[in-house]
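Below you'll find the structure, written out as structure tokens, and then a few comments.
Reckoned from all heavy atoms, side chains included, excluding hydrogens, waters and symmetry mates.
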Amino acid sequence: MIVTLYRDFTFEAAHRNCSAGASEANSRLHGHSYRARVKLTGPVDPHLGWLVDFGNIKQICAPVIGALDHRNLNDVEGMTSTSLTDVQRWIATRLCASVPLFTGCEVAISGDTCFKPLVRQPDDPVADIKHVGFGFAAAHFLPQLPQEHKCHRMHGHSFRLTVAGPGSAQEELIRLLGEIYRGVDHRLLNKIAGLENPTSEYLARWFWMQLDGRGYRPGEILVRETCTTGCIFRGED
């Protein structure tokens, strides 16, 4: 019996598109959360009932994925460009020689690649609260951490911001978020005033202050760097 197994890996990286014809946004240093799907194809072991141990796939692939995680892809040796095609080629070239039964990989960017505000209705049908969220692609590094910490290195994320606030002001909130989005998307956050140390905690407060300074008082700010991590801020009061 011939089967194909796959295992997904994620990594967080910064890059800029240096190719001719790149848009202004893509030519700026920014970042994304990436997903790499590694595929293996071959015959199932009739005794064990599997093709290969998923744990072995992780162990073999970890050094290759780790060489991209929390990095600036433009600085990675052997990366001729930083397009998805080239990142995919870079991974495949290295796994082909070290992973038995390797048959390819696919690389994709997680999160939104443009301003797509999503409105979520409150759990309480009578509450005048709406949740409005959007994603943005940005690079950052945390200069206060020790140099050996991976987050001290230049890297990036597909960030996600969600704001909870009065439903009666939903249209105004979306307009304000569009203004703020243009200032953070495809940017290096450390270069923005007030975000010299752009942790999720300070980023959540910064978004709060941006909205409050525009006359909108949010009830809650949620910033997510990845699908498994986030920070909630409810103001200083």
D69 to E12 - nearest heavy-atom pair and separation: OD1-N, 2.9 Å
Of L40, L101, V99, L51, the residue whose pairing with I57 passes side chain to side chain contact (heavy atoms under 4.5 Å, CB included): L40
ring-ring contact (aromatic ring centres under 6.0 Å, His included), paired with F207, selected from Y181, F159, F136: F136
Donor-acceptor contact below 3.5 Å, side chain S158 vs main chain S110: yes
Test log, rule salt bridge (Lys or Arg N to Asp or Glu O under 4.0 Å), inputs R175 and E171: CA-CA 6 Å; R175 184 186 70 80; E171 291 186 5; over 6 Å; no
Under 3.5 Å: donor-acceptor pair, side chain of E106, backbone of R37: no
Donor-acceptor pair, side chain of R153 and main chain of H70, under 3.5 angstrom: yes
D86 side-chain N/O to T80 backbone N/O, donor-acceptor pair under 3.5 Å: yes
SG-CG distance between C105 and D8, expressed to the nearest 0.5 angstrom: 11.0 Å
Nearest heavy-atom neighbours spanning F141 and P198: O-CD, 3.5 Å
A22 backbone acceptor or donor facing S19 side chain under 3.5 Å: no
Considering all heavy atoms, the nearest L95-V38 contact: CD1-CG2, 3.7 Å
Sidechain-backbone polar pair: W90 side chain, T82 backbone, donor-acceptor under 3.5 Å: no
Whether Y34 and H15 hold their rings parallel, tilted or perpendicular, with breakpoints at 30° and 60°: perpendicular
Audit row: H30, D185, side-chain hydrogen bond (donor to acceptor under 3.5 Å, both in side chains) steps and yes/no: CA-CA 8 Å; H30 59 285; D185 183 60; over 6 Å; no
Check: R16 main-chain N/O paired with N74 side-chain donor or acceptor under 3.5 Å: yes
Separation of F54 CZ from Q59 CD (nearest 0.5 Å): 15.5 Å
Residue pair N26 / S23, side-chain donor-acceptor N/O under 3.5 Å: yes
For the student: nearest non-hydrogen atoms of F9 and C61, plus distance: CZ-CB, 3.5 Å
Least distance between heavy atoms, V107 atom then A36 atom: CG2-CB, 4.3 Å
Side-chain donor-acceptor contact under 3.5 Å, H32 with H157: no
Donor-acceptor side-chain pairing of T226 and T228 below 3.5 angstrom: yes
Shortest non-hydrogen contact from L145 toward C151: CD1-CB, 3.7 Å
Note: R205-E201 ion pair, threshold 4.0 Å (strictly below): no
